Every structure is written in C-alpha cells, then in structure tokens.
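The block underneath contains the structure these notes are about, expressed in structure tokens.
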Amino acid sequence: MPELPEVETVRKELSAVLTGQRIESAAVYCNRLRNPIPDSFAADVAGLTVHEVQRRGKYLIILTDKEKALLIHLGMTGKLLLKSKDSQLEKHDHIVFDFADKKLVYNDIRRFGVVALYDKDSLYRIKALREMGQEPLSDDFTGDSLRASLKGRKAPIKICLLDQTVIAGLGNIYVCEALFKAGISPLRQGDSLTEKESELLCYYIKEILSESVKAGGTTFRDYRHSDGSKGEFVSHLSVYGRAGQVCSWCNLKDSCGGIVKINQGGRGTFYCPVLQK
DNA sequence: AAGTTCACCTGATGGC
DNA sequence: TGCCATCAGGTGAACT
C-alpha cells in the first residue's frame with residue numbers, strides 16, 4: 001500500500017502534531033507483526049518525548065529523547081491514525097501510543113508492517129536502512145546516478161525499480177506510472193537504459209512523487225491520512241488499475257493502444273505497449 | 001552475486 | 001447463501 005508519497009504525507013502530519021509531545025503510556029494488543037513486538041515494548045516507549053519525525057524510503061523514523069528512535073513501516077495495509085483520547089479500540093488496532101491529548105494508533109489488517117524501538121546509533125545498522133538506495137526526491141538523485149545503480153542489472157526495469165537498494169520509496173503504483181510517463185517498457189532490462197532514457201525516467205520519478213505528495217498520496221484501497229481521510233492522487237493515475245482503457249497518449253495521438261496488465265515477479269504491471277518501448 | 005519464487009496475513013471480489 | 005480461487009500499494013528468506 002503505502003509508498004513514498006503516502007509515508008511522506010503521514011510523516012508531515014505526525015511531525016506537526018507530535019513534535020515535542022511525550023508518550024505518556026502505550027499498549028500492545030497484538031504483537032505479531034512482521035517481527036514480533038517484544039514484551040517490554042510498551043514500558044520501553046513510555047516517557048519518551050518526540051523530537052523529530054523523519055522518513056527514509058518507506059520507513060518512518062520517530063526520533064525521541066534518551067537516544068531512542070521508533071522505526072515504523074506500514075507494509076501493505078498499515079495505518080497510523082491520530083485519534084481523540086476517548087476513541088474506541090477498533091478491529092486491527094495493534095498498538096496505541098497515548099499522548100497528553102491525543103492517541104496514535106497503529107492499525108494493520110495484514111500485519112506486514114514493522115514497529116520497533118532502537119537506540120539511535122544502532123538504527124542505521126539495520127540491513128534495510130544500511131543498504132537503502134538513494135532518495136528519489138533528493139538533489140543527488142540524477143539520471144546518471146540512476147543509471148549507475150542499474151549497472152549490471154539484467155532483471156526487468158520494473159523489478160529493478162521496486163528494489164529498495166536501487167532506489168528508495170518506489171512501489172508498484174509509482175513504478176508503473178513513472179515508466180509510462182517516460183515511455184519505457186517495464187520489460188526492458190535494467191541496464192539497457194540509455195543516458196537519455198535514464199534522465200527522462202529520473203525526471204518523471206521526481207515529478208510523479210512530488211505531485212502525489214502535494215495531493216496527499218494515493219488511496220487505492222486501504223491507505224489513509226492520519227485523520228482517516230483518503231489520498232487524492234488516485235484520479236491522476238495514468239495506467240495503474242486501468243487495464244483495458246485507452247491510454248491518454250494513444251488517445252491524443254489517435255493510435256489504437258490500450259493499457260494491458262501483465263505479471264512480473266508475481267505482481268501486476270500496467271503499461272501501454274504502444275507508447276512504452 | 002543476482003534472479004526467481006514463495007510465504008507471511010486478512011479481506012474483497014467474482015465464478016459456480 | 002456458501003464455497004473456492006484469485007488478487008491486493010511490501011519485503012525477506014530460500015532456492016537456483
């Protein structure tokens with residue numbers, strides 16, 4: 001579910017509400033997430049004060065005092081919801097953090113997410129963070145750096161772009177969308193992109209992600225803002241979830257294309273075979 | 001090393 | 001109505 005724009009949206013919301021706030025107490029209702037939550041978790045986070053909410057790829061990093069950091073990944077169906085103190089516990093609410101006048105609820109239907117507390121200095125020793133690729137919205141992510149990280153990659157470009165060690169934060173929706181905008185077939189070998197194509201792909205990755213952040217992300221099914229509302233970017237999607245429809249480019253050019261759905265690595269890929277070569 | 005397949009989990013949807 | 005198969009925005013382990 002949540003890719004970079006969705007996680008960034010939640011980051012901004014949590015940062016605005018929780019910075020400077022203290023976790024009065026916490027409760028774990030189900031500890032079976034991707035990694036089991038240790039029994040000491042609730043006691044360990046109680047009393048920590050939020051200093052800053054950061055994002056790296058699809059991970060949220062909540063930095064607190066006492067040199068601690070909460071690491072959160074929303075998996076496929078994770079949500080972080082800010083609720084009033086008197087709100088009721090709902091189905092799939094697994095962890096509740098109580099603040100002075102709010103509570104932060106971690107809800108996750110499929111329980112593929114991650115919630116863990118680390119010492120600040122050990123955080124970046126975690127494999128996923130240590131090996132994470134470039135942030136696509138940073139200035140040092142360029143056509144050249146993208147091409148360099150794709151060097152020697154024989155897997156399809158679609159698969160490469162989903163690899164978080166190649167580039168951080170892209171998921172199935174935005175990979176499909178960026179490849180469409182750049183006119184590149186998802187079937188192309190990763191290292192087959194020319195200098196010009198890498199430049200174009202880099203440009204559209206930045207564009208699609210930043211436009212989606214502006215719209216508060218994409219709610220295709222489960223994703224929600226921290227107030228429970230939906231992300232508005234879904235209406236801007238060109239190919240994802242649009243199998244059978246005529247693509248906007250073909251429509252403009254009056255050619256006979258249609259968006260098709262294929263399977264790559266066990267996941268759906270949407271693209272226009274006429275436009276994307 | 002890098003590519004591929006599969007498991008993890010719940011719920012929605014569609015065919016019979 | 002029920003039952004079954006399939007699919008879903010992610011990732012990491014275990015194969016080749």
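So you know, we letter chains A, B, ... as the sequences are listed, proteins then strands, and number each from 1. Keep in mind that what you see is a predicted model, and the values were worked out from it rather than measured. Hydrogens, waters and symmetry mates play no part in the numbers below; they use all other heavy atoms, side chains included.
- Residue-level contact check: A:Tyr174 touches neither bases nor backbone, having no heavy atom under 4.0 Å from any strand.
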Using nucleotides 1-5 of chain B, report all nitrogen or oxygen pairs with the protein that are shorter than 3.5 Å.
residue	atom	partner	partner atom	Å
B:dG3	OP1	A:Lys154	N	2.6
B:dG3	OP1	A:Ala155	N	3.0

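- One distance of note links CG of A:Leu187 with OG of A:Ser192; it measures 10.5 Å at 0.5 Å rounding.
- Under the 4.5 angstrom side-chain criterion for Ile, Leu, Val, Met, Phe, Trp and Tyr, A:Val114 has no cluster partners at all.
- Side chain of A:Lys66 to backbone of A:Asp119: no donor-acceptor contact under 3.5 angstrom is found.
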Pair A:Lys79-A:Asp108, salt bridge (charged side-chain N to carboxylate O under 4.0 Å, His left out): steps then yes or no:
CA-CA 6 Å; A:Lys79 304 181 202 50; A:Asp108 190 351; over 6 Å; no
Can you check nucleotides 12-16 of chain C for protein contacts, nitrogen or oxygen pairs under 3.5 Å, and list what you find?
residue	atom	partner	partner atom	Å
C:dG12	OP1	A:Arg34	NH2	3.2

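- You'll find the side chain of A:Phe41 reaches within 4.5 Å of the side chain of A:Leu117, heavy atoms only.
- Summarising the geometry, the separation between CD on A:Glu6 and P on C:dA8 is reported as 17 Å, rounded to the nearest angstrom.
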Side chain to side chain donor-acceptor pair (under 3.5 Å) between A:Glu13 and A:His225: does it pass, once the steps are laid out?
CA-CA 8 Å; A:Glu13 293 164 351; A:His225 287 222; 2.8 Å; yes
Given protein heavy atoms under 4.0 Å, the one-letter contact record of nucleotides 7-14 of chain B, with B base, S sugar-phosphate only and - none, is simply -BBBS---
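- Between the side chains of A:Asp144 and A:Thr142, no donor N or O sits under 3.5 Å from an acceptor N or O.
- A donor atom on one side chain and an acceptor atom on the other are found under 3.5 Å apart for A:Lys158 and A:Asn172.
- In this structure, the CD1 atom of A:Ile126 is 14 Å from the P atom of C:dT11, given to the nearest Å.
- Between the P atoms of C:dC3 and B:dC9, the separation comes to 23 Å (whole Å).
- Take A:Ser40 and apply the side-chain hydrogen bond (donor to acceptor under 3.5 Å, both in side chains) test, not counting sequence neighbours, and it matches A:Asp44.
- A:Phe270 has its CZ atom 10 Å from the C1' atom of C:dA8, to the nearest Å.
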How does DNA chain B read in dot-bracket, base by base from 5' to 3', with Watson-Crick or G-U pairs under 3.5 Å and | used when the partner is on another strand?
.|||||||.|||||||
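- The pair A:Lys154-A:Asp191 meets the salt-bridge criterion, with a side-chain N (NZ, NE, NH1 or NH2) lying under 4.0 Å from an Asp/Glu carboxylate O.
- A side-chain donor-acceptor contact under 3.5 Å links A:Tyr174 and A:Glu6.
- Contact check, A:Gln164 against C:dG10: no side-chain N or O comes under 4.0 Å of OP1 or OP2.
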Test side chain to side chain donor-acceptor pair (under 3.5 Å) applied to A:Ser145 and A:Gln134, step by step:
CA-CA 9 Å; A:Ser145 73; A:Gln134 281 187 296; 2.7 Å; yes
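- Ion pairing of A:Glu8 with A:Arg11 is present here, as a side-chain N (NZ or NE/NH1/NH2) and a carboxylate O approach within less than 4.0 Å.
- For the C1' atom pair drawn from C:dT6 and B:dC6, the interatomic distance equals 16 Å after rounding to whole Å.
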